[in-house]
Peer 1: 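Quick one: this structure, given as structure tokens, is what I'll be asking you about.
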Amino acid sequence: MATRLSEVAKYAGYSEATVSRVLRDVPGIGADTRDAVLTALDVLGYQRPTRHRRELGSLVGMVLPDLHNPIFPAYAEAMAGALVRQKLIPVLCTRTADGVSEAHYIEMLLARKVAGIIFVGASYVDAGPEQAKALRARRLPIVLINEADENLGVPRVAVDDAVAVDLAVTHLRDLGHQRIGLIVGPRGHVPSERKLTEFRKLATDKRLVAHTMFSIAGGQSAVAPLLEAGATAVVCASDTLALGAIRGARKQGLRVPEQLSVVGFDDSVYMPMMDPPLTTVRQPIGAIGVAAVHSLVAQIERRPVPLEEELFEPELIVRSSTAAAP
């Protein structure tokens with residue numbers, strides 16, 4: 001009981017004594033304080049007192065591709081905080097190595113009558129035709145963040161990929177680089193295609209583009225043909241790809257940034273501590289997460305929501321993985 005009080009008090013932002021008074025339904029507790037404590041119980045997985053169980057908040061699914069890429073836990077944290085402030089209960093759903101997919105999660109979420117679902121870096125149609133049909137039939141509130149596939153008619157929030165590429169390429173050109181490569185995700189992946197479209201406007205050599213999977217191994221293999229084609233700098237569609245590109249360059253005996261400059265994308269939590277600290281384009285995760293939650297809440301409350309995609313500008317963060325062209 002003492003451990004539970006301590007955890008709930010820390011999450012709710014009140015003293016253990018206040019939490020105890022709420023649990024015992026002592027008169028004189030303000031509505032905001034009571035709601036915060038009860039919400040903390042829900043989020044931490046503790047059962048509410050019997051007299052309050054009918055007041056359970058609505059569940060909201062947060063569907064993420066994985067938790068290996070640090071950007072996805074960062075989005076989960078931003079969304080969870082915004083959902084709790086709206087008295088909604090976040091439910092984290094992510095693909096696992098043992099085969100638990102978006103389809104499984106959607107079936108479970110629908111069975112529990114969730115209030116809505118936010119998909120990050122994915123698409124609700126990725127879950128399968130039956131699940132997509134069920135979501136449409138239920139008219140369940142949905143928001144997509146940085147969608148993987150085109151999903152017209154669904155509220156969408158995203159970082160502006162075109163601006164991200166423009167920031168990175170401009171930075172590298174200011175350093176004197178002319179042979180700039182681009183490493184992006186698989187063909188058809190919407191954020192990658194948007195980055196590629198902008199890159200084509202700024203550069204013309206088709207040999208300086210590589211498609212790969214979002215992984216360190218993918219970045220490592222993708223950088224080889226770019227180096228062979230004479231690239232002195234590469235722009236990567238994720239920090240993970242950038243770390244792979246650095247590893248690939250070093251395996252060829254090249255120094256970063258002296259012989260190859262590398263720019264990532266996301267600004268994941270550990271990028272300032274890499275060797276070298278990674279120059280990257282930062283996603284405004286907090287702003288995007290809050291915007292997605294506000295869009296979802298508006299749908300839950302049956303208020304009109306614009307279907308045009310809401311774009312947020314990224315920010316270039318210059319560190320030590322870029323330098324003057326060799």
Side-chain angles (χ1 to χ4, degrees), residues 1-64 67 72-94 104-120 135 138-143 145 155 157 269 284-306 310:
M1 176 62 75
T3 301
R4 184 176 74 170
L5 283 176
S6 175
E7 289 179 347
V8 174
K10 182 177 179 181
Y11 194 95
Y14 291 95
S15 68
E16 293 182 28
T18 298
V19 171
S20 178
R21 286 197 293 272
V22 171
L23 296 179
R24 290 183 287 113
D25 211 19
V26 174
I29 299 293
D32 290 344
T33 301
R34 178 174 156 277
D35 288 345
V37 171
L38 294 175
T39 299
L41 287 172
D42 298 334
V43 173
L44 295 171
Y46 295 122
Q47 195 172 59
R48 290 187 178 204
T50 304
R51 56 189 169 277
H52 296 307
R53 286 177 194 169
R54 291 185 179 179
E55 303 170 19
L56 282 169
S58 298
L59 302 176
V60 170
M62 304 185 303
V63 181
L64 288 74
L67 296 179
F72 294 130
Y75 266 116
E77 182 178 8
M79 292 186 297
L83 287 167
V84 169
R85 288 192 291 274
Q86 295 288 341
K87 296 184 174 64
L88 296 168
I89 304 169
V91 179
L92 179 62
C93 307
T94 180
H104 293 105
Y105 283 122
I106 289 174
E107 289 176 2
M108 290 189 289
L109 291 171
L110 289 176
R112 285 157 180 76
K113 296 181 171 56
V114 293
I117 303 177
I118 302 176
F119 293 86
V120 182
L135 290 172
R138 285 273 298 273
R139 296 185 178 180
L140 192 72
I142 292 171
V143 180
I145 294 179
V157 185
V269 62
I285 296 171
I288 291 175
V290 169
V293 169
H294 285 172
S295 176
L296 192 79
V297 170
Q299 294 178 69
I300 293 171
E301 296 176 350
R302 299 292 187 265
R303 290 186 278 118
V305 177
E310 186 176 1

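The structure presented is a predicted model; accordingly, all values stated were derived computationally and were not measured.
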Peer 1: Between A9 and V19, what is the shortest heavy-atom contact and its length?
Peer 2: CA-CG2, 3.7 Å
Peer 1: For A78 and G286, which heavy atoms make the closest approach, and how far apart are they?
Peer 2: CB-CA, 4.2 Å
Peer 1: Provide the closest heavy-atom pair for G116 versus L296 in the form atom of the first, atom of the second, distance.
Peer 2: CA-CD1, 4.2 Å
Peer 1: I'd like to know if the side chain of Y75 and the backbone of G289 have a donor-acceptor N/O pair within less than 3.5 Å.
Peer 2: no
Peer 1: Identify the two heavy atoms, one from A76 and one from L64, that lie closest to each other, and give their separation to 0.1 Å.
Peer 2: CB-CD2, 4.1 Å
Peer 1: Is there side-chain contact between F119 and I106, with heavy atoms separated by less than 4.5 Å?
Peer 2: yes
Peer 1: Does any pair with a residue in residues 292-302 pass salt bridge (charged side-chain N to carboxylate O under 4.0 Å, His left out), and if so which ones, sequence neighbours excluded?
Peer 2: E301-R303
Peer 1: To the nearest 0.5 Å, what is the distance between OG1 (T18) and CZ (R34)?
Peer 2: 14.5 Å
Peer 1: With sequence neighbours left out, write down each residue that passes side chain to side chain contact (heavy atoms under 4.5 Å, CB included) with V114, or none if nothing qualifies.
Peer 2: L59, L109, I117, L140
Peer 1: State which residues pass side-chain hydrogen bond (donor to acceptor under 3.5 Å, both in side chains) with T33; sequence neighbours excluded, sorted by chain then number.
Peer 2: Y14
Peer 1: Are side-chain heavy atoms of L5 and L23 found at a separation under 4.5 Å?
Peer 2: yes
Peer 1: Under the side chain to side chain contact (heavy atoms under 4.5 Å, CB included) criterion, do V293 and R85 qualify, and how do the steps go?
Peer 2: CA-CA 10 Å; V293 169; R85 288 192 291 274; over 6 Å; no
Peer 1: What pair of heavy atoms forms the shortest contact from L41 to V8, and how long is it?
Peer 2: CD2-CG2, 3.7 Å
Peer 1: Kindly indicate, with the supporting measurements, whether the criterion side chain to side chain contact (heavy atoms under 4.5 Å, CB included) is fulfilled by L88 and I300.
Peer 2: CA-CA 11 Å; L88 296 168; I300 293 171; 4.2 Å; yes
Peer 1: Would you name the heavy atoms of A80 and M62 that are closest together and state the gap between them?
Peer 2: N-SD, 4.0 Å
Peer 1: Return the set of residues passing side chain to side chain contact (heavy atoms under 4.5 Å, CB included) with A74 (not counting sequence neighbours), or none when no residue passes.
Peer 2: I285
Peer 1: For side chain to side chain contact (heavy atoms under 4.5 Å, CB included), just list the numbers for V60 and M79, CA-CA rounded to whole Å, side-chain angles, deciding distance to a tenth of an Å, and then say yes or no.
Peer 2: CA-CA 10 Å; V60 170; M79 292 186 297; over 6 Å; no
Peer 1: My understanding is that only residues two or more places apart in sequence, or in another chain, count here; which of them pass side chain to side chain contact (heavy atoms under 4.5 Å, CB included) with V305?
Peer 2: P155, S295, A298, Q299
Peer 1: Which residues pass the side chain to side chain contact (heavy atoms under 4.5 Å, CB included) test with A17, not counting sequence neighbours?
Peer 2: S15, R21
